[in-house]
There are 2 protein chains.
Amino acid sequence: MNLSVLIVEDEPLIANDIREICLEHGINVAGIAYSFSQAKDLLETQSVDYVLLDIKLGDNDDGLVLGKLLHEDYFIPFSYVTSFSDSSTLTAARSTHPNGYLVKPFRSNDILIQIQLGYDISLRNVKHEIPTLEDVNKKIADGLSTREYDVLVEVCKGKSNKEIADALFVSMNTVKSHLKNIFSKFEIKSRAELLTMLLG
Amino acid sequence: MNLSVLIVEDEPLIANDIREICLEHGINVAGIAYSFSQAKDLLETQSVDYVLLDIKLGDNDDGLVLGKLLHEDYFIPFSYVTSFSDSSTLTAARSTHPNGYLVKPFRSNDILIQIQLGYDISLRNVKHEIPTLEDVNKKIADGLSTREYDVLVEVCKGKSNKEIADALFVSMNTVKSHLKNIFSKFEIKSRAELLTMLLG
DNA sequence: TTTATCATCACCCTAAAGTGTGAAAAACCA
DNA sequence: TGGTTTTTCACACTTTAGGGTGATGATAAA
């Protein structure tokens, strides 16, 4: 799964530094925004999975406003990457629901941790219904095929292999074959584990 | 809100350092554990809201085991605080669902951020929990016994009968026996159906 | 056109799950 | 104390699930 990260940072040197770190680790960079408005433009036009967000853009705390927007309107998870760690800034930041908070100067790996862990956290939140193919594929490196997903949906309904075969008009061997691939891709060994992953 | 933090760290100097930082910021320290077993003792006896967890305890990665336990059994949120940020350690750590990951050496404020942000995140995660015994019994005429509920909880975690037997310190036949009764009371035929009923 | 990938299925085999019966301690309660 | 429920376990048995290998036609990409 290839994440797309948006970098919102008014200092070009730092922004570039972050971009390099991402690219080195195979993380796609959806763009760099040097201001609040540029960030909004990119959010409208690009596919963004995670945002690294500087609190201070220019002279004001536009980062906090953008953070609030990300959480409430765009539903895109983000980490703050900022020089400030005083308690008033931190309190303000916490209220915007970031998934991470990195204080500058940072190390190369810190960026990676923010993105990966922050994204993990965002995946843990929503549940309850049978996930879509897109949601499922975010959890695994090698995505499911459409037919594999069909089988997964039936498993989520609590059906046995025989019942799934009847529902999809294929043989039970075919169902088993798809399930084998599903388990392999999720790196699990049973449908029970699959159910707890997807519904739990 | 006065948080209670457990520090799991095998180096006394670092552990003390973290303790001082917490106390300076009005965060209560539930205790310091220098080993896996000490950590388990403290988790049983103390009220703990958040855990700062070193991955390497002594010579092995007991921190990861403890992290898994915290997430699956204790339901206590935690951050790793470790010297390691290589990708294999990170991958292993991510699979245990930490709410933060801090690489040593850290700054004073980093500790505070981990605790506050990590705890914030845990509050947002109103996750789809394993239902309580009361909730479960609302769905069926003949209620489950406490031991049957214990088995049900393990099933909800995706465990196999053998794993459940080990977790509850009984034989696999006993687990099967309880499961038989559970299925009968729910009028179902498989654990998959049980999982979709409870989690779906 | 050649190469992948996907969807389908068969066959065989092992492991795990589930069923039926029965039974003996332990805990609970009246 | 005596009866009931719970918890524990055994053994034998059937069914289902899961793993390995391999093969086919179809479709898609290069």
Side-chain angles (χ1 to χ4, degrees), chain A residues 1-2 130 132-134 136-200, chain B residues 130 132-134 136-200:
Chain A
M1 143 220 55
N2 216 347
I130 295 174
T132 64
L133 177 54
E134 282 186 13
V136 168
N137 283 342
K138 283 178 183 171
K139 304 185 190 213
I140 51 183
D142 191 5
L144 297 188
S145 71
T146 54
R147 207 57 175 156
E148 284 164 353
Y149 175 70
D150 290 341
V151 171
L152 178 140
V153 168
E154 299 303 314
V155 170
C156 284
K157 297 179 188 167
K159 293 188 181 175
S160 70
N161 291 346
K162 179 75 185 67
E163 289 170 327
I164 296 171
D166 291 344
L168 300 182
F169 303 104
V170 294
S171 88
M172 211 175 84
N173 283 316
T174 304
V175 174
K176 282 185 177 185
S177 181
H178 287 311
L179 264 175
K180 216 182 307 176
N181 294 328
I182 293 171
F183 292 160
S184 157
K185 288 177 179 177
F186 277 96
E187 294 176 9
I188 57 179
K189 298 192 334 269
S190 73
R191 68 212 296 115
E193 284 181 80
L194 186 62
L195 286 164
T196 55
M197 283 196 87
L198 298 176
L199 309 174
Chain B
I130 296 171
T132 63
L133 178 54
E134 289 74 37
V136 168
N137 283 343
K138 283 175 189 167
K139 307 186 183 201
I140 50 183
D142 191 5
L144 298 187
S145 72
T146 55
R147 207 56 175 157
E148 283 164 353
Y149 176 70
D150 290 341
V151 172
L152 176 142
V153 167
E154 299 302 316
V155 170
C156 284
K157 296 179 189 168
K159 293 188 182 175
S160 69
N161 291 346
K162 179 75 183 66
E163 288 170 329
I164 296 171
D166 290 344
L168 300 182
F169 303 105
V170 295
S171 88
M172 212 174 86
N173 284 315
T174 304
V175 174
K176 283 185 177 186
S177 179
H178 288 311
L179 265 175
K180 214 182 307 175
N181 294 329
I182 293 170
F183 292 161
S184 154
K185 287 176 180 176
F186 277 96
E187 296 177 9
I188 56 178
K189 299 190 320 285
S190 73
R191 71 212 294 115
E193 285 180 81
L194 185 62
L195 286 164
T196 54
M197 281 196 90
L198 299 176
L199 307 176

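First the proteins, then the strands, lettered A, B, ... as listed; each starts at 1.
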Next on the checklist: Between A/Thr174 and A/Ser177, is the side chain to side chain donor-acceptor pair (under 3.5 Å) condition met? List the steps.
Outcome noted: CA-CA 5 Å; A/Thr174 304; A/Ser177 181; over 6 Å; no

Next on the checklist: How close do A/Lys159 and A/Ala167 get, counting heavy atoms only, and between which atoms?
Outcome noted: NZ-CB, 3.7 Å

Next on the checklist: Testing the basics here: between B/Asn161 and B/Leu179, what is the closest heavy-atom pair and its distance to 0.1 Å?
Outcome noted: OD1-CD1, 3.2 Å

Residues 182-189 of chain A side chain polar contacts: donor-acceptor under 3.5 Å, at least two apart:
| unit_1 | atom_1 | unit_2 | atom_2 | d |
| --- | --- | --- | --- | --- |
| A/Lys185 | NZ | A/Gly143 | O | 2.9 |
| A/Lys185 | NZ | A/Glu148 | OE1 | 2.9 |

Student check: side-chain heavy atoms of [X] and [Y] closer than 4.5 Å:
| X | Y | answer |
| --- | --- | --- |
| A/Glu154 | A/Glu163 | no |
| B/Leu198 | B/Leu152 | yes |
| A/His178 | A/Asp150 | no |
| B/Val151 | B/Leu168 | yes |

Item to check | Axis bend over the full length of the helix from C/dC13-D/dG18 to C/dA30-D/dT1, computed from five pairs that close each end, to 10 degrees | outcome: 30°

Checklist entry - Which nucleotides of nucleotides 5-21 of chain D have their base under 4.0 Å from a protein heavy atom (B), which only their sugar-phosphate (S), and which neither (-), written as one string 5' to 3'? => result --SBBBB-----BBSBB

Item to check | A/Tyr149 OH to C/dA7 P, straight-line distance once rounded to whole Å | outcome: 14 Å

Checklist entry - How long is the line joining CG of A/Asp150 and P of C/dC6, in whole Å? => result 14 Å

